[in-house]
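Beneath this line is the structure, given in structure tokens, with notes to follow.
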Amino acid sequence: MEQTISGSTRFAGTAKLPADKSIAHRAALFASIADGPSTLHNFPASADPQSTLSCLQQLGVPIETSSTNTVLIKGGGRDGFCQPDAPLDCGNSGTTMRLLSGMLAGQPFDSELIGDSSLSTRPMGRIADPLRIMGAHISLTDGHAPIKIQCCGGLKGIDYRLPVPSAQVKSCVLLAGLWASGRTTVLEDIPSRDHTERMLGLPVSRSMQGCSINSDASHLIPSGTFTLPGDFSAAAFILVATLIAGTGPVHLPNVGLNPSRTGLLAVLKQMGANIQITEHKTSELEPIGDLTVERTPLHGVVIRGRQIPNIIDEIPVIAVAGAFAKGTTILRDATELRYKECDRIHATVTNLRKLGAEIEEFKDGFAITGMVPLRGTTVSSYDDHRIAMAMGVAGLGAYGTTTIQNAHATSVSFPEFWDTIAKLQR
Ligand code: S3P
């Protein structure tokens with residue numbers, strides 16, 4: 001599917017966001033091993049969380065979905081999974097594949113995880129390495145999926161320092177620790193998103209050296225009722241679109257505001273953005289609130305180091321903000337971006353250059369000189385949801401018409417993205 005976007009004059013209203021993808025995966029995975037039923041309200045219809053649900057169904061977990069996006073999951077405890085009779089298809093979802101591998105490594109049966117062509121090129125050695133130290137029997141194909149897991153007769157807890165800040169690797173090891181003898185500790189020098197430890201209530205200790213999180217086989221897995229918040233990473237596209245194109249204000253109610261995810265707010269504020277945040281008083285584990293944004297002139301900033309993990313999924317749209325900011329925006333230390341659903345540094349730089357931006361590519365980032373007018377042309381989504389949406393936002397700020405090829409990639413996390421943009425333009 002191709003999507004055309006024309007430069008915007010009006011961009012205002014209230015947008016409903018899809019539920020948070022990272023939280024949805026975890027809510028479903030954790031509910032499946034709890035001792036009792038869980039009800040998940042506002043569960044997203046997007047492809048990635050649905051891949052997690054279908055893998056869990058293949059593992060014998062009873063799951064019912066109502067027409068109102070409510071999912072009922074009957075957790076069968078730690079011993080509740082059954083051996084799947086076919087490979088578990090994780091689709092495009094790295095979170096499904098990496099977290100589920102951790103949960104399957106210590107099971108008394110063999111399993112295999114597969115993914116689409118993009119997921120099958122992403123690095124899986126980063127989870128196989130620690131799982132093997134725990135005693136798991138795992139084989140990969142040249143460091144990639146398919147991941148074959150053989151029954152190993154028991155895992156042992158380890159202390160593991162993350163070589164790269166990654167919430168997926170951290171979660172994989174901590175989840176394997178739920179089936180291991182002894183304690184598993186994951187140490188992270190630079191904090192990554194903390195949904196797993198929050199939602200499972202795992203013990204965390206923070207020091208000057210970083211953060212350490214523990215899991216073990218006696219940890220109680222909570223069940224219950226949970227309403228999933230709106231996805232901050234989806235909000236990011238609407239925030240930047242409002243700042244650079246059209247009028248505003250745009251209201252975004254019920255957005256997840258977990259501080260390990262909202263680094264973009266600090267970046268945009270530093271660029272001069274006017275964003276109002278109203279946090280809700282809530283007893284839920286994940287903080288939520290409402291955002292209101294107005295069009296504001298932006299200026300360039302330098303982003304690097306410890307800031308990167310907290311904005312990792314927002315970097316393509318930060319580049320777009322940089323194209324409309326006065327001065328130069330420089331982003332470094334983000335080599336990890338080359339291992340996402342596509343090489344997001346290459347995709348972002350190539351597309352923005354096609355639109356006329358002055359952008360230099362580095363191994364670990366880019367430098368973009370803003371205020372060089374963008375002119376609509378045809379760009380590719382690289383079959384990556386976040387590249388498709390970032391280019392949609394660039395198209396709103398560009399002169400003329402921008403065509404995004406393979407624009408259906410948005411279905412992975414924000415299937416209603418193009419409709420949402422169109423409504424805000426009306
Ligand atoms: C995610 C963690 C991040 C992020 C991904 C979702 C998660 O990946 O890019 O979209 O839900 O844990 P890494 O942990 O590999 O950085």
Side-chain angles (χ1 to χ4, degrees), residues 18-30 44 46-49 51-52 90-103 115 118-119 121-130 143-145 160 162-175 186 188-200 202 211 213 228-229 231-237 256 258 260-264 286 306-318 333-345 347-348 364 384-390 409-410 412-414:
D20 189 290
K21 186 160 82 71
S22 285
I23 295 177
H25 288 298
R26 287 164 173 82
L29 292 169
F30 305 164
S46 40
D48 269 13
S51 292
T52 290
C90 304
N92 190 244
S93 174
T95 308
T96 308
M97 184 169 272
R98 294 193 175 119
L99 271 58
L100 202 50
S101 294
M103 295 172 71
S118 151
L119 186 53
T121 62
R122 295 181 66 185
M124 292 299 151
R126 53 179 61 193
I127 56 161
D129 291 346
H144 304 123
Y160 191 69
L162 292 177
V164 282
S166 163
Q168 292 180 352
V169 178
K170 168 174 70 177
S171 303
C172 170
V173 176
L174 289 169
L175 288 169
V186 175
E188 52 179 6
D189 300 328
I190 304 183
S192 61
R193 64 189 67 188
D194 67 359
H195 303 300
T196 295
E197 43 275 47
R198 265 180 196 262
M199 294 171 71
L200 284 176
L202 297 175
C211 195
I213 310 117
L228 307 187
D231 196 336
F232 181 81
S233 296
F237 298 100
N258 179 319
S260 66
R261 290 285 298 284
T262 52
L264 175 75
E286 291 283 343
R306 296 177 73 83
Q307 283 176 288
I308 299 298
N310 196 315
I311 55 166
I312 192 74
D313 290 340
E314 286 68 68
I315 292 173
V317 83
I318 289 177
D333 303 320
T335 311
E336 266 301 297
L337 225 53
R338 297 204 183 266
Y339 308 110
K340 295 294 176 187
E341 285 83 330
C342 74
D343 175 344
R344 286 187 177 157
I345 296 180
T348 303
D364 63 345
D384 179 330
H385 55 132
R386 300 203 199 279
I387 297 298
M389 292 187 275
T410 55
V412 156
S413 64
F414 196 166

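When a ligand or atom number is given, it counts from 1 through the structure's own listing order.
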Out of Gln168, His25, Arg122, who is nearest to atom 6 (C) of ligand 1 when you count heavy atoms only? Gln168
Does a side-chain N-to-carboxylate-O contact under 4.0 Å join Arg126 and Glu336? yes
Does any non-hydrogen side-chain atom of Met124 lie less than 4.5 Å from one of Leu119? yes
Non-neighbouring partners of Arg386 that pass salt bridge (charged side-chain N to carboxylate O under 4.0 Å, His left out), sequence neighbours left out: Asp313
Heavy-atom contacts with Thr95 under 4.0 Å: which atoms of ligand 1 show up? List them by number with element. 1 (C), 6 (C), 7 (C), 11 (O)
Against heavy atoms of Ser22, which atoms of ligand 1 measure under 4.0 Å? 1 (C), 6 (C), 7 (C), 11 (O)
In terms of its nearest heavy atom to atom 7 (C) of ligand 1, the top option of Arg26, Arg261, Lys21 is Arg26
Within a strict 4.5 Å, meaning less than it, do heavy atoms of the Glu188 and Pro309 side chains meet? no
Select one of side chain, backbone, both or neither to describe which atoms of Lys340 lie under 4.0 Å from any atom of ligand 1, heavy atoms only. side chain
Tell me which one of Thr96, Asp313, Asp20, Ile127 gets a heavy atom nearest to atom 10 (O) of ligand 1. Asp313
Taking 4.0 angstrom as the limit and counting only heavy atoms of Ile312, give me the atoms of ligand 1 inside it, by number and element. 9 (O)
Applying side-chain hydrogen bond (donor to acceptor under 3.5 Å, both in side chains), can you list everything that pairs with Ser51, at least two apart in sequence or on another chain? none
Close-contact set for ligand 1 against Ala167 heavy atoms, below 4.0 Å: 12 (O), 14 (O)
Taking atom types as modelled and ignoring hydrogens, do the side chains of Ser260 and Asn258 form a donor-acceptor contact shorter than 3.5 angstrom? yes
Nearest non-hydrogen protein atom to atom 15 (O) of ligand 1, with distance, is Ser166 OG, 3.1 Å
Proximity of His195 to ligand 1 by residue part, where a heavy atom lies under 4.0 Å: neither
Carboxylate-amine/guanidinium proximity below 4.0 Å for Lys340 and Asp384: no
With a 4.0 Å cut-off on heavy atoms, does Arg193 reach ligand 1? yes
Yes or no on side chain to side chain donor-acceptor pair (under 3.5 Å) for Ser166 and Ser192, after CA distance, side-chain angles and deciding distance? CA-CA 6 Å; Ser166 163; Ser192 61; over 6 Å; no
